[in-house]
Number of protein chains: 2
Amino acid sequence: MSLPTPGKPVRGSKSGNHLMALFDLLGRSWSMGIIWRLQEGSCTFRVLQERCESISPTTLNRRLKELTQSFLIERTVDGYALTNKGKEIFLLLKPLESWAKDWAKNFDTNE
Amino acid sequence: MSLPTPGKPVRGSKSGNHLMALFDLLGRSWSMGIIWRLQEGSCTFRVLQERCESISPTTLNRRLKELTQSFLIERTVDGYALTNKGKEIFLLLKPLESWAKDWAKNFDTNE
DNA sequence: TTTATTTGCTACATAATTGGTAGCAAAGCT
DNA sequence: AGCTTTGCTACCAATTATGTAGCAAATAAA
């Protein structure tokens, strides 16, 4: 899968609309989950894999590469870590947590 | 693809963590793009398809069903529309727009 | 300094998702 | 009645994701 880069055609926009490039990046399996889990603290590949509960190493590796190339993640002495940009995105995603909690009430747990 | 429902195991959480269910839902191709485009106003299937520039009817239909079942979208006399929950999500996604604009500066347009 | 362990992946095969094109049935004009 | 538009579905090809195994390099232990 090619990296969705602002300025280049992406899923959602032939003109490379910035926001659509971001949606393409974040809208890949596990992207947001990885950012969320990394916020808990920098960690190694294997630890991150455990935090994500059920991600395959193949997918984790792909996402890590993409997110790194997109300046959201970097490697430090502590392993993988969110960059400042990554932390910013996390802050933007954060409100989704409480919203999701409320949203969940709509679902009948017996279905 | 089954609907990622809070409380049931989803991509990202065997326990059905609400947030992970939301990430699973939004993290499917076009989910966020559709919400974004629908915010411009209620519209018909074909118009929505045009707004999305390059979505296939297959995928559009699939996403519409999922988002409808997830209470984010509904059908009105004007066609497809965001529900109140859908509008709420849109407001949470909105800040990503300006962030993406800034983020785009990191990418060398000549690459 | 051998001998484990742990870590960060890659290989490979299979399954699941997405995309693209064609086209059809129903509804709405004319 | 015929023509158009709309909202899809069928079908197949292409792309992504999953799962398991395992290997090379780095680190720790003996």
Side-chain angles (χ1 to χ4, degrees), chain A residues 1-5 8-14 20-21 23-38 41-70 73-82, chain B residues 1-5 8-14 20-35 37-38 41-70 73-82:
Chain A
M1 206 186 229
S2 72
L3 191 71
T5 308
K8 290 196 293 187
V10 293
R11 218 164 45 172
S13 171
K14 288 166 186 158
M20 291 304 143
F23 281 171
D24 190 357
L25 181 68
L26 295 180
R28 291 176 177 187
S29 76
W30 285 102
S31 282
M32 294 187 282
I34 288 171
I35 292 170
W36 195 266
R37 265 31 198 274
L38 254 193
S42 308
C43 65
T44 65
F45 187 95
R46 295 230 170 177
V47 168
L48 185 53
Q49 201 179 351
E50 279 163 35
R51 283 188 192 167
C52 288
E53 294 183 53
S54 61
I55 193 172
S56 73
T58 320
T59 303
L60 177 56
N61 191 241
R62 266 197 293 249
R63 287 299 94 86
L64 285 174
K65 279 178 185 167
E66 291 166 5
L67 294 170
T68 300
Q69 288 185 77
S70 303
I73 282 182
E74 65 188 345
R75 298 197 69 167
T76 68
V77 284
D78 299 323
Y80 289 98
L82 289 182
Chain B
M1 207 186 225
S2 70
L3 191 72
T5 308
K8 291 195 295 187
V10 292
R11 214 163 46 173
S13 171
K14 288 167 186 159
M20 291 304 143
L22 180 61
F23 281 171
D24 190 357
L25 181 68
L26 295 181
R28 290 175 180 190
S29 76
W30 285 102
S31 282
M32 294 187 282
I34 288 170
I35 292 169
R37 262 40 196 268
L38 254 192
S42 308
C43 64
T44 65
F45 186 95
R46 295 230 171 178
V47 168
L48 185 54
Q49 202 179 350
E50 280 164 34
R51 283 189 192 164
C52 288
E53 294 183 55
S54 61
I55 192 173
S56 72
T58 321
T59 303
L60 177 56
N61 190 242
R62 269 195 289 245
R63 287 299 95 85
L64 286 173
K65 279 180 184 165
E66 291 167 5
L67 294 170
T68 300
Q69 287 185 78
S70 303
I73 281 182
E74 65 188 343
R75 298 196 68 166
T76 68
V77 284
D78 299 323
Y80 289 98
L82 290 182

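Each chain gets a letter, A, B and so on, in the order its sequence line appears, and its residues count up from 1. Since the model is a prediction, treat every value here as computed from it, not as a measurement.
Listed by chain and number, the residues in a side chain to side chain contact (heavy atoms under 4.5 Å, CB included) with B/S2 amount to none (sequence neighbours excluded). Legend: residues meeting side chain to side chain contact (heavy atoms under 4.5 Å, CB included) with B/T68, ordered by chain and number and at least two apart, are B/I73. Residues that satisfy the side chain to side chain contact (heavy atoms under 4.5 Å, CB included) test with B/T59, not counting sequence neighbours, are B/S29, B/W30, B/I55, B/S56, B/R62, B/R63. The side chain to side chain contact (heavy atoms under 4.5 Å, CB included) test applied to A/E50 returns no partner, not counting sequence neighbours.
Taking the side chain as every heavy atom from C-beta outward, A/N61 and A/F45 approach each other to under 4.5 Å.
If you measure from atom CG of A/L3 to atom C1' of D/dT16, you get 15 Å, rounded to the nearest angstrom. Atom CG in A/L64 sits about 14 Å away from atom C1' in C/dT7, given to the nearest Å. The interatomic distance linking A/L60 (CG) with C/dT7 (P) rounds to 14 Å, in whole Å.
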Going 5' to 3' through nucleotides 15-22 of chain C, assign each nucleotide B (protein heavy atom under 4.0 Å from a base atom), S (under 4.0 Å only from sugar-phosphate atoms) or - (no protein heavy atom that close). --SBBBB-

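In this structure, CG on A/L26 lies 8.0 Å from CG on A/L67, to the nearest 0.5 angstrom. A/Q49 CD to A/T44 OG1: the interatomic distance, rounded to the nearest 0.5 Å, is 9.5 Å. Atom OH of residue B/Y80 and atom CG of residue B/L64 lie 5.0 Å apart, to the nearest 0.5 angstrom. The line from CG of B/L82 to CD1 of B/I35 is 7.0 Å long, rounded to the nearest 0.5 Å. Remark: B/L3 CG to B/K65 NZ distance equals 12.5 Å, nearest 0.5 Å.
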Considering only nitrogen or oxygen atoms on both sides, find all protein atoms under 3.5 Å from nucleotides 4-7 of chain D and state each distance.
| residue | atom | partner | partner atom | Å |
| --- | --- | --- | --- | --- |
| D/dG7 | OP2 | B/T44 | OG1 | 3.4 |
| D/dG7 | OP2 | B/F45 | N | 2.9 |
| D/dG7 | OP2 | B/R46 | N | 3.1 |
| D/dG7 | N7 | B/R46 | NE | 2.9 |
| D/dG7 | N7 | B/R46 | NH2 | 2.7 |
| D/dG7 | O6 | B/R46 | NH2 | 2.5 |

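Helix bend of the helix from C/dT1-D/dA30 to C/dT30-D/dA1: the angle between its two end axes, each built from five pairs, comes to 30° after rounding to 10°.
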